[in-house]
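Everything below concerns the one structure shown next.
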Amino acid sequence: MNHYRQYSSEDELPIVFSLAEAAAILSTNVDRLRKNAQNGQFPAFRDGNLWKVRKVDFINWMADQVRSAYETA
């Protein structure tokens, strides 16, 4: 069960949020997202033992994903 807040717009996203929260927003597995972050395929950074995501990087990454989907369609 997802215990993270549901956001109705990108304006509601915090400036920085956890990788687990990003995974919940994307409806994906946090381990997969962590692996993508480690490989440079997802914009996250380490803060000690925690992985975090900046809102601006997340939004830009999402826009790139949508743009790529349209280019390959």
Which atoms form the tightest heavy-atom contact between [X] and [Y], and what is the distance?
X: Ala22; Y: Val53; result: CB-CG2, 4.0 Å
X: Glu12; Y: Gln6; result: OE1-O, 4.2 Å
X: Ala44; Y: Leu19; result: CB-CD1, 4.0 Å
X: Trp51; Y: Gln38; result: CZ2-CG, 3.5 Å
X: Trp61; Y: Gln41; result: NE1-O, 3.1 Å

Any side-chain heavy atom of Ile59 within less than 4.5 Å of one from Lys55?
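Yes, their side chains come closer than 4.5 Å.
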For residues Val30 and Tyr7: do they belong to one hydrophobic cluster (side chain heavy atoms under 4.5 Å, members Ile, Leu, Val, Met, Phe, Trp, Tyr)?
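Yes, same cluster.
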Examine Val56 and Met62 and state if one hydrophobic cluster contains both, with Ile, Leu, Val, Met, Phe, Trp and Tyr joined whenever side-chain heavy atoms are less than 4.5 Å apart.
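No, Val56 and Met62 fall in different hydrophobic clusters.
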Determine, step by step, whether Phe45 and Asp57 satisfy the side chain to side chain contact (heavy atoms under 4.5 Å, CB included) criterion, reporting the C-alpha distance in whole Å, the side-chain angles of both residues, the deciding distance to 0.1 Å, and the verdict.
CA-CA 10 Å; Phe45 65 95; Asp57 295 336; 5.7 Å; no
Could you state the interatomic distance from [atom1] ([X]) to [atom2] ([Y]), rounded to the nearest 0.5 Å?
X: Ser18; Y: Asp47; atom1: OG; atom2: CG; result: 11.5 Å
X: Arg32; Y: Leu26; atom1: CZ; atom2: CG; result: 11.5 Å
X: Arg54; Y: Asn60; atom1: CZ; atom2: CG; result: 9.0 Å

